[in-house]
2 protein chains.
Amino acid sequence: METLDGAPGRTMTAAELADLLRTAIVNGELVPNQRLVEADLAAEYGASRGNVRVALSELSVEGLVERVQNRGARVRAVSVDEAVEITEVRAALEALCARKAAERITADQAAELQQLAESMKDAVERGDRESYSEGNQTLHARLIEISAQQTAAATIQRLRGQAVRFQFRLARQPGRPAVSLPQHLAIIDAVCAHDPDAAAEAMRVHLESVADVIRSSNP
Amino acid sequence: METLDGAPGRTMTAAELADLLRTAIVNGELVPNQRLVEADLAAEYGASRGNVRVALSELSVEGLVERVQNRGARVRAVSVDEAVEITEVRAALEALCARKAAERITADQAAELQQLAESMKDAVERGDRESYSEGNQTLHARLIEISAQQTAAATIQRLRGQAVRFQFRLARQPGRPAVSLPQHLAIIDAVCAHDPDAAAEAMRVHLESVADVIRSSNP
DNA sequence: GTTCACTAAATTGTTGACAATCCCCTCGAG
DNA sequence: CTCGAGGGGATTGTCAACAATTTAGTGAAC
């Protein structure tokens with residue numbers, strides 16, 4: 001392997017390396033159970049082995065890689081059961097964010113969300129999967145942003161990184177938008193109506209249904 | 001400083017060192033904002049500086065220490081706002097666990113919880129703070145255990161480590177048991193009655209009230 | 001008296017070499 | 001043919017020395 005140094009010239013710091021490996025794992029460039037040999041990574045990314053070591057340790061804490069004593073690191077493969085658990089935790093956390101968002105949302109932000117609702121409705125009517133999926137993502141992201149909950153946001157992001165593989169397969173499932181669109185609209189309605197309890201419950205129900213789909217995707 | 005090696009003879013591995021530092025921070029032996037000089041730690045614990053480095057990186061990901069480029073690591077000081085956020089996330093997660101516990105609890109486990117309820121009532125009547133606080137902790141721990149949610153459990157534990165300092169000061173607050181005891185009893189009742197929604201809501205209300213106390217503890 | 005440049009100490013970041021461990025493969029005995 | 005012992009190669013774990021950076025303190029110029 002050649003040293004395909006992303007940052008030109010300079011040697012790579014441990015944090016940068018961790019970022020690169022993280023995105024590589026999340027994007028699926030590094031597949032589950034793939035071995036991560038320290039020397040190889042050091043050569044490939046042009047970093048010292050010590051830094052590779054630190055980066056792998058950090059990713060191990062984040063749950064993206066698995067390390068075993070004297071046997072090296074590999075990309076962690078999350079089971080269906082784990083993916084369900086992760087989605088349920090996300091349900092609880094995003095419900096919290098929806099609750100806070102309902103408390104804090106401004107008129108401008110509400111108008112923006114309602115516009116997004118229209119856009120998602122259109123996408124479903126047109127059968128535009130791509131656009132709908134995009135709207136889905138911005139909705140979740142926007143609600144987390146409005147909630148202004150740093151701790152919850154960080155935790156959600158970490159968990160999402162572990163389960164992207166499952167989210168991914170789910171988005172393209174036929175008939176899924178018909179189920180999830182009403183849920184999304186209910187969330188938007190509750191948040192815009194400044195109804196924290198309803199917003200939290202709607203979000204929780206939505207993500208629990210996602211968890212159900214994942215649960216039944218592998219018996 | 002002398003090398004007060006906890007594990008005798010053998011040199012300390014990075015994971016062991018991380019564990020030691022974690023408990024030291026959580027127990028308050030290392031106070032917030034205290035500098036963590038790599039060489040000093042290496043000498044004190046009898047580990048190599050490389051391992052100290054890895055351990056600090058891991059603890060940094062866990063949110064217990066703060067690292068800045070070229071300026072070293074220090075014990076992270078969590079603000080009141082952060083402690084409130086952390087408690088709110090815990091509220092969401094423990095509510096999830098309470099919900100799952102209500103779904104899964106067996107008759108034996110229910111009997112055990114009800115016995116714990118009696119014990120906590122007695123403790124409050126006797127004015128036995130210590131015993132009540134202990135019951136409180138075992139209640140939360142037991143519910144998490146019964147819920148069998150690995151992901152949620154791990155996340156809760158990580159967050160608890162960051163906020164122990166606040167939990168701690170709160171336990172000894174006068175008049176607190178009078179407020180929290182009914183909440184605890186409500187949780188136990190709902191879980192034992194196999195009522196997931198009520199259990200989740202009771203737990204959420206309980207920890208939100210804890211968050212309120214923390215919020216008002218520093219204006 | 002204040003400000004700026006400069007030096008020196010302390011500390012982190014980085015590297016390469018060395019030791020320990022594990023896995024796989026071969027080989028021989030039963 | 002199966003099983004266990006042993007060796008070789010690959011990989012991780014450990015260490016100590018070196019380079020780079022930051023911080024604090026000193027002194028001279030204005």
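From a predicted model like this one, the values you see are computed outputs, not experimental measurements. We name chains A, B, ... by the order of the sequence lines, and we start the count at 1 in each one.
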Partner residues of A:S180 under the side-chain hydrogen bond (donor to acceptor under 3.5 Å, both in side chains) criterion, sequence neighbours left out: A:Y132
Residues which pass side-chain hydrogen bond (donor to acceptor under 3.5 Å, both in side chains) with A:D197, listed by chain and number, not counting sequence neighbours: A:R99
Expected rows: protein N/O vs nucleotides 6-12 of chain D N/O, under 3.5 Å:
{"unit_1": "D:dT12", "atom_1": "OP2", "unit_2": "A:E38", "atom_2": "N", "d": "3.2"}

Short side-chain N/O contact from B:S48 to OP1 or OP2 of D:dC15, under 4.0 Å: yes
Nearest-angstrom distance from the residue atom CG of B:L41 to P of D:dC15: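 Taking CG of B:L41 and P of D:dC15, I get 15 Å after rounding.
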Spacing of CZ belonging to B:R76 relative to CD belonging to B:E62, to within rounding of 0.5 Å: 12.0 Å
Atom pair CG (B:L17) and CG (B:L21), whose distance is rounded to the nearest 0.5 Å: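 Reported to 0.5 Å precision, the distance equals 4.5 Å.
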Short side-chain to backbone donor-acceptor contact, B:T155 and B:T151, under 3.5 Å: yes
Pairs where residues 28-38 of chain A contributes a residue and the test salt bridge (Lys or Arg N to Asp or Glu O under 4.0 Å) is met, not counting sequence neighbours: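 Every salt bridge (Lys or Arg N to Asp or Glu O under 4.0 Å) pair that includes a residue of residues 28-38 of chain A, provided the two are not neighbours, is A:E38-A:R49, A:E38-A:R53, A:E38-A:R67.
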Aromatic plane relationship, B:H140 with B:H184 - under 30° parallel, 30 to 60° tilted, over 60° perpendicular: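 Rings of B:H184 and B:H140: perpendicular, as their planes differ by over 60°.
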Salt bridge (Lys or Arg N to Asp or Glu O under 4.0 Å) partners for B:R142, two or more places apart: B:E112, B:E145
Contact boundaries on DNA chain C for chain B, cut-off under 4.0 Å to non-hydrogen atoms: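 Using the under 4.0 Å cut-off, the span is C:dT11 to C:dT14.
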